[in-house]
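Computed from heavy atoms alone, side chains included, the values below leave out hydrogens, waters and symmetry copies. Convention: sequence-line order gives letters A, B, ...; per-chain numbering from 1.
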2 protein chains.
Amino acid sequence: MARTGRKPTIKDLAQAAGTSPATASLVLNGGWKDHRINPDTAERVLQLAQSLGYRPNQRARALRLNRSSLAGLIVPHHRNRFFAGLTEHFEAESHMRGLIPLVASTQRDARIEQKLADTMIAQEVEFLVLAGTEEPARINALCREAGIRCVNVDLPGGLGFSVVTDNHGGARDLTRRLMGGLAPETGALFLGGRRNEYATEARIDGFRAALAESGRDPDASAIHCCGYSPQAACDTMAAIFARGGEIPKALLVNSITAFEGFARFWQAHASDLPDLRVACFDWDPFAACLPIETIMLRHDVETLIARCFAWFDGAAPRDGEIEVIPARVVVDDTQPGATVALYRSQQT
Amino acid sequence: MARTGRKPTIKDLAQAAGTSPATASLVLNGGWKDHRINPDTAERVLQLAQSLGYRPNQRARALRLNRSSLAGLIVPHHRNRFFAGLTEHFEAESHMRGLIPLVASTQRDARIEQKLADTMIAQEVEFLVLAGTEEPARINALCREAGIRCVNVDLPGGLGFSVVTDNHGGARDLTRRLMGGLAPETGALFLGGRRNEYATEARIDGFRAALAESGRDPDASAIHCCGYSPQAACDTMAAIFARGGEIPKALLVNSITAFEGFARFWQAHASDLPDLRVACFDWDPFAACLPIETIMLRHDVETLIARCFAWFDGAAPRDGEIEVIPARVVVDDTQPGATVALYRSQQT
DNA sequence: GTCACCTGCTAAAAGGATTTAGCAAATCTC
DNA sequence: GAGATTTGCTAAATCCTTTTAGCAGGTGAC
């Protein structure tokens with residue numbers, strides 16, 4: 001008789017079906033044909049599993065099989081479309097492989113990041129994706145030690161495999177469009193990000209390359225890497241404005257957070273500003289609705305994540321290799337009738 | 001001798017320390033004082049655990065202790081500040097309790113929702129929060145059967161405990177501010193959400209109550225519940241506009257997604273529109289920067305999640321009870337110098 | 001009748017940690 | 001020095017599932 005008041009175990013199920021736990025297990029896991037279990041017996045077990053509401057204990061199963069069935073993702077936070085997109089595609093790809101996604105955010109706090117990584121490793125995730133992590137090398141090393149496959153997204157690290165957006169090409173294309181049709185003497189300003197950070201430096205290079213292409217002096221343009229806080233970007237713009245109003249007509253904003261700071265600044269000073277044209281290395285649906293000439297680019301989050309899983313699925317380990325994914329221009333209000341709003345009709 | 005090439009187990013550790021696994025376990029779990037383990041032995045075990053890099057197998061531990069240490073959250077998606085905020089606070093509260101947060105998004109697909117709930121229950125999460133789920137009753141019932149504590153957030157269900165934003169009061173306050181100073185004959189329009197859905201109906205009631213208060217006829221105002229897609233909201237506005245331009249000066253928008261649709265409409269027709277004043281039952285930093293007179297309200301995500309965990313922590317089970325959390329007005333551009341941007345300085 | 005083979009199942013051993021009951025040796029008591 | 005007590009530890013059971021090796025009983029071949 002099955003113990004009452006408790007979740008049924010495979011023993012209860014076996015007892016009810018008049019078989020051994022081994023038989024029940026074989027039936028439930030589909031291996032019963034190879035093991036010459038009588039179809040009648042199999043049917044009986046299946047029926048009873050249903051009617052008893054038997055659910056295998058996942059922890060016992062994982063222990064025996066030595067598989068955690070967990071896939072980990074560490075992101076800075078969920079408050080923009082880039083990270084939200086990474087998370088959602090990561091969930092989808094995990095589910096497709098029967099893995100349970102374990103998503104955690106660091107709030108850009110190094111201690112939290114370390115703790116989360118420790119937790120993920122302690123849980124023996126089968127796969128770990130580090131997105132937007134500035135110093136992934138240490139966590140990469142821990143993973144290697146623990147035998148866990150690990151990929152860096154967006155900011156590549158020294159160890160293992162990385163997948164990044166084409167920062168140079170994206171910034172170059174954005175800048176080309178940004179400057180298109182503007183007088184040759186028009187200067188440009190670069191706002192946001194951190195100096196010496198991989199992505200930011202690559203974007204600055206792309207920005208300069210496009211300026212040089214169009215016969216402009218790349219060194220004449222101002223680079224203001226004021227970090228990732230909206231407030232800092234807003235303050236930086238305000239400081240430039242206060243120093244005599246030398247706001248260039250064209251602006252390349254390095255991230256959506258910096259763009260948020262710019263939008264605040266713009267809101268406060270719109271009437272005093274010249275006509276601006278702004279490009280942003282990121283996308284947000286509301287930002288795209290501001291009445292400013294805007295070009296926005298969207299990281300191809302789907303492909304970024306897909307490439308991580310493709311590597312996990314079996315491509316040979318490629319140490320130090322960086323795979324570059326092109327970005328997509330999503331909104332371009334400066335070119336009438338052009339590539340507008342690929343994603344505007346997206347359901348949310 | 002410890003087996004080489006494998007992760008050390010507690011047996012390896014015990015062997016290295018010259019003790020039994022039982023002793024090692026007692027030392028590692030802090031119960032060694034009660035069990036009269038010699039401090040020298042304890043010290044030796046601890047040292048060796050460190051130097052061997054011993055990490056307990058979490059699955060074996062969870063099996064023995066019959067605890068999953070998992071806390072589940074199901075949300076529709078991560079693409080707005082409300083759900084992103086719920087997720088982040090859920091993560092924080094989980095970590096504070098030594099639980100591992102398992103966050104999953106349904107993309108508003110009922111089948112995915114059911115699958116996720118099944119997974120969560122199969123994993124025996126110790127606590128499950130259902131946010132923005134339209135029909136939580138079935139999942140509530142499954143949880144009850146499995147002995148899992150379950151809370152509904154935002155959309156309450158028939159079973160168990162729910163925590164919701166003060167929809168009626170919030171909409172009433174928003175509407176009061178929205179209509180403040182406007183001529184008594186000014187009408188208002190309600191946009192977005194679904195009829196017969198708890199939150200939407202409560203907000204419509206609040207909206208009407210505030211209109212009645214100010215001597216207006218609540219039945220004269222148009223209610224357009226066009227769902228949660230931006231496109232539908234945009235189309236609805238465009239249809240009203242096309243039917244003769246009868247766009248009222250005041251608009252209450254039911255969600256940030258509907259507001260996204262409104263913003264698209266506004267972008268396309270700004271020059272042909274009268275001066276608008278818009279209130280939104282939700283908040284987004286970019287939306288708050290649009291050059292429209294705007295009032296936004298922010299769900300108190302922190303408190304919503306805190307109350308869920310407070311209940312989980314031990315308050316008596318309260319069946320069918322709904323706890324109501326006040327919302328906060330965050331941005332009010334219609335009242336110069338008023339409560340502006342409580343959250344604008346937030347780091348992102 | 002013996003041997004080989006097939007059929008349908010089961011016993012038992014992992015997998016790694018935790019915990020209870022209790023053992024042997026040392027120390028104390030008088 | 002016998003009995004009681006304390007000290008410091010361990011054996012073994014337990015959590016639940018999966019899987020391997022193999023057992024009994026039946027059938028067929030000759």
Item to check | Distance in angstrom units between A/Arg55 CZ and D/dC15 C1', rounded | outcome: 20 Å

Checklist entry - Does a side-chain N or O from B/Tyr54 land closer than 4.0 Å to OP1 or OP2 of C/dG16, or not? => result no

Checklist outcome for this item: Ranking D/dG8, C/dG15, D/dT18 by distance to the side chain of A/Asn29, first place goes to D/dT18

Checklist entry - Is any side-chain heavy atom of A/Cys143 less than 4.5 Å from a side-chain heavy atom of A/Arg149? => result no

Checklist entry - Given atom CG of A/Leu63 and atom P of D/dC15, what is their separation to the nearest angstrom? => result 14 Å

Next on the checklist: At 4.0 Å (heavy atoms only), tell me whether A/Arg61 reaches a base, stays on the sugar-phosphate, or touches nothing.
Outcome noted: sugar-phosphate

Item to check | Close aromatic pair by centroid cut-off 6.0 Å: B/His78 and B/Phe83 | outcome: no

Item to check | Separation of D/dC15 P from B/Glu124 CD (nearest whole Å) | outcome: 14 Å

Item to check | Separation of atom CD in A/Gln58 from atom P in D/dC15, rounded to whole Å | outcome: 19 Å

Next on the checklist: Could you check whether A/Glu124 pairs with B/Arg59 (Lys NZ or Arg NE/NH1/NH2 to Asp/Glu carboxylate O, under 4.0 Å)?
Outcome noted: yes

Item to check | Pairwise side-chain contact, B/Asp313 with B/Arg97, heavy-atom cut-off 4.5 Å (strictly under) | outcome: yes

Checklist entry - Between B/Arg59 and C/dG16, does any side-chain N or O lie under 4.0 Å from OP1 or OP2? => result no

Item to check | Nearest-angstrom distance from the residue atom CD of A/Gln15 to P of C/dT10 | outcome: 12 Å

Checklist entry - Among the nucleotides D/dA13, D/dC9, D/dT10, which one has an atom lying closest to any side-chain atom of B/Thr19? => result D/dT10

Checklist outcome for this item: Separation of C/dT27 atom P from B/Asn38 atom CG, nearest Å, is 13 Å

Checklist entry - Under 4.0 angstrom, heavy atoms only, what part of the nucleic acid is A/Asn66 near: base, sugar-phosphate, or nothing? => result nothing

Checklist entry - OP1 or OP2 of D/dC9 sitting under 4.0 Å from any side-chain N/O of B/Thr41? => result yes

Checklist entry - Taking atom types as modelled and ignoring hydrogens, do the side chains of A/Asp300 and A/Thr303 form a donor-acceptor contact shorter than 3.5 angstrom? => result yes

Checklist entry - Once you round it to whole Å, what is the distance between P of D/dT18 and CG of A/Leu26? => result 9 Å

Next on the checklist: Do B/Leu155 and B/Glu197 make a side-chain contact, defined as non-hydrogen atoms from C-beta onward lying under 4.5 Å apart?
Outcome noted: yes

Item to check | Options C/dC9, C/dT18, D/dC9, nucleotide nearest the side-chain atoms of B/Leu65 | outcome: C/dT18

Checklist entry - Which nucleotide in the set C/dA14, D/dC9, C/dA11 lies at the smallest distance from any side-chain heavy atom of A/Ala22? => result C/dA11

Item to check | Candidate list A/Val103, A/Val301, A/Leu102, test side chain to side chain contact (heavy atoms under 4.5 Å, CB included), partner A/Phe90, passing option | outcome: A/Val103

Item to check | Ionic contact status for A/Arg108 with A/Glu134, cut-off 4.0 Å | outcome: no

Checklist entry - Taking N and O atoms by type only, does the side chain of A/Arg36 place a donor or acceptor under 3.5 Å from a partner on the base of C/dG8? => result yes

Checklist entry - In degrees, rounded to 10°, what is the bend between the two ends of the helix from C/dG1-D/dC30 to C/dC30-D/dG1, using five pairs at each? => result 60°

Checklist entry - Quick one: is B/Ser25 getting a side-chain N or O under 4.0 Å of the C/dA17 phosphate, OP1 or OP2? => result no

Checklist entry - Under 4.0 Å between a side-chain N/O of B/Ser20 and OP1 or OP2 of D/dT10, yes or no? => result yes

Checklist entry - Can you find a side chain N or O atom of B/Asn57 that sits less than 4.0 Å from OP1 or OP2 on C/dA17? => result no

Next on the checklist: Can you measure B/Asp12 atom CG to C/dG15 atom P for me and round it to whole angstrom units?
Outcome noted: 11 Å

Checklist entry - Which residue, B/Thr23 or A/Ile10, contacts DNA chain D at a nucleotide closer to its 5' end, judged by nearest heavy atom? => result B/Thr23

Checklist entry - In terms of side-chain heavy atoms of A/Arg64, which of C/dG16, C/dA13, C/dT10 is nearest? => result C/dA13

